[in-house]
Amino acid sequence: MAAIATTLFSLDAIAASGQVFTWRRTEDGWLVASGGRRCLLSQEGDAEKGVVFVRRADGSDVNADELAYWRHYLALDVDYQKILDELAMPAEVMEVGAGIRVLAQDWWDTAVSFVVSQNSNIVRIQRTMDALLDAGGGCVPGPGRLSALLGDEAFATGLKLGYRRPYLEALAARAQAWYPARIDRRDVSLEESMAELEESPGIGPKVASCICLFGLGYLEAVPRDTWIKRAEREHHVTWDSRWGGIQQQFFFAWMREKGRGK
DNA sequence: AGGCAGGTCGGTA
DNA sequence: TACCGACCTGCC
């Protein structure tokens, strides 16, 4: 079975971090979907030092291309030792967020997930995404397929999208022209990508920055939700111009952990 | 029982 | 530019 040695990495921490809604727990590990692909991930060891095992969803061995895809997806090609050293976050924040990495998700998957997420809660978001994953054979349905599904009254009603349904329909309509052409955004500034995404109804600054950070590789993008705004207000946190998005994930986990206690 | 949830939109000053 | 209420739904 394909294995990757890891440091500063935890599947469970990532799964709990609120950045991804296409993972599902099974008895064999995490069943993960991204960009029309699936795999099964499991881990031995802990966030400090461990091994991640990568299999196909059916349990068979992955080939070299598949392994490379998931290694990149899991951000195991990024030097977190260096980044976390430079970010120099408080020990308590580092501890709560131990093992978190910002995944390199498929942009469409994140666009759908975070349009669904707006003004909702994680349990509800996950339930809607699970229903979509089921409908897509384990993966997020592509734009064409999603349009068809949303046009099916019975199915669409069952998703309980509320007022987000037309937002998702608009996204799917626009994305038929975009998809999958926006994978490489290295020549496009964060500001340009944000502006383009925000042209779609239902995508505001928060959702756009989530898509940029989680789905388009802009590690400097900082999604500012209610928790992060509170961190800024109460703890005067400021964001690193290169890896603010990574920093944001740690503070998000920390704020949420503290919020649970109260 | 009612505020709140990984917000956005349209209207108002 | 900045603030405000409305908004589907269901958890806590």
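Here is the naming used below: chain letters follow the sequence lines, and residue numbers restart at 1 for every chain. Just the heavy atoms: all of them, side chains too, but no hydrogens, waters or symmetry mates, feed the values below.
- When both distances must be under 3.5 Å, the Watson-Crick or G-U wobble mate of B:dG6 does not exist.
- Between A:E66 and A:R37 no salt bridge is recorded (no basic side-chain N to carboxylate O distance below 4.0 Å).
- If you take OH of A:Y167 and P of B:dG7, they are 13 Å apart, rounded to a whole angstrom.
- Across all strands, A:G18 comes closer than 4.0 Å to base atoms (heavy-atom distances).
- For the pair A:I203 CD1 and B:dG6 C1', the computed distance is 15 Å after rounding to whole Å.
- At the heavy-atom level, A:Q249 lies under 4.0 Å from base atoms of the strands shown.
- We find that CG of A:L161 is positioned 15 Å from C1' of B:dT8, with the value rounded to whole Å.
- Side chain A:R124 to base C:dC8: a donor-acceptor pair is found below 3.5 Å.
- Backbone-only engagement by A:K160 is indicated by non-hydrogen atom pairs under 4.0 Å involving sugar-phosphate atoms exclusively.
- Atom-to-atom, OH of A:Y163 to P of B:dT8 comes out at 9 Å; the value is rounded to the nearest Å.
- The aromatic ring of A:F252 stacks onto the base of B:dG6, its centre lying under 5.5 Å from the centre of the six-membered base ring with the two planes under 30° apart.
- One interatomic measurement links the two molecules: CH2 of A:W227 to P of B:dG6, which rounds to 7 Å at whole-angstrom precision.
- Comparing the P positions of B:dG6 and C:dG5 gives an interatomic distance of 22 Å, to the nearest angstrom.
- Hydrophobic cluster membership is shared by A:V62 and A:W23, with clusters built from Ile, Leu, Val, Met, Phe, Trp and Tyr side chains linked at under 4.5 angstrom.
- When the nearest nucleotides of DNA chain B are assigned to A:N121 and A:S200 by heavy-atom distance, the more 5′-ward of the two goes with A:N121.
- Taking a pair to require two hydrogen-bonding distances under 3.5 Å in either a Watson-Crick or a G-U wobble arrangement, C:dC8 remains unpaired.
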Run A:Y80 and A:F9 through ring-ring contact (aromatic ring centres under 6.0 Å, His included) and show every step you take. CA-CA 9 Å; A:Y80 265 65; A:F9 181 94; 8.9 Å; no

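- Of the C1' atoms belonging to B:dC9 and C:dG10, the separation is 22 Å, rounded to the nearest Å.
- Whole-Å rounding puts the A:R256 CZ to B:dC4 C1' distance at 14 Å.
- OP1 or OP2 of C:dT9 has not a single side-chain nitrogen or oxygen of A:R164 nearer than 4.0 Å.
- As rounded to whole Å, 12 Å separates atom P of B:dG7 from atom CZ of A:R230.
- Taken from CG in A:L159 to CZ in A:R127, the straight-line distance is 11.0 Å, to the nearest 0.5 Å.
- For the atom pair CZ of A:R101 and CG of A:L11, the computed distance is 11.0 Å after rounding to the nearest 0.5 Å.
- Nucleotides of DNA chain B nearest to A:P201 and A:I122 differ in position, and the one nearer the 5' end is that of A:I122.
- For A:E196 and A:S193, the side-chain atoms include no donor-acceptor pair closer than 3.5 Å.
- The distance between atom CG of A:D225 and atom P of B:dT8, rounded to the nearest whole Å, is 10 Å.
- As judged by a 4.0 angstrom heavy-atom cut-off over every strand, A:T157 is placed among residues making no nucleic acid contact.
- Not a single donor-acceptor contact under 3.5 angstrom links the side-chain atoms of A:R165 to the base of C:dC8.
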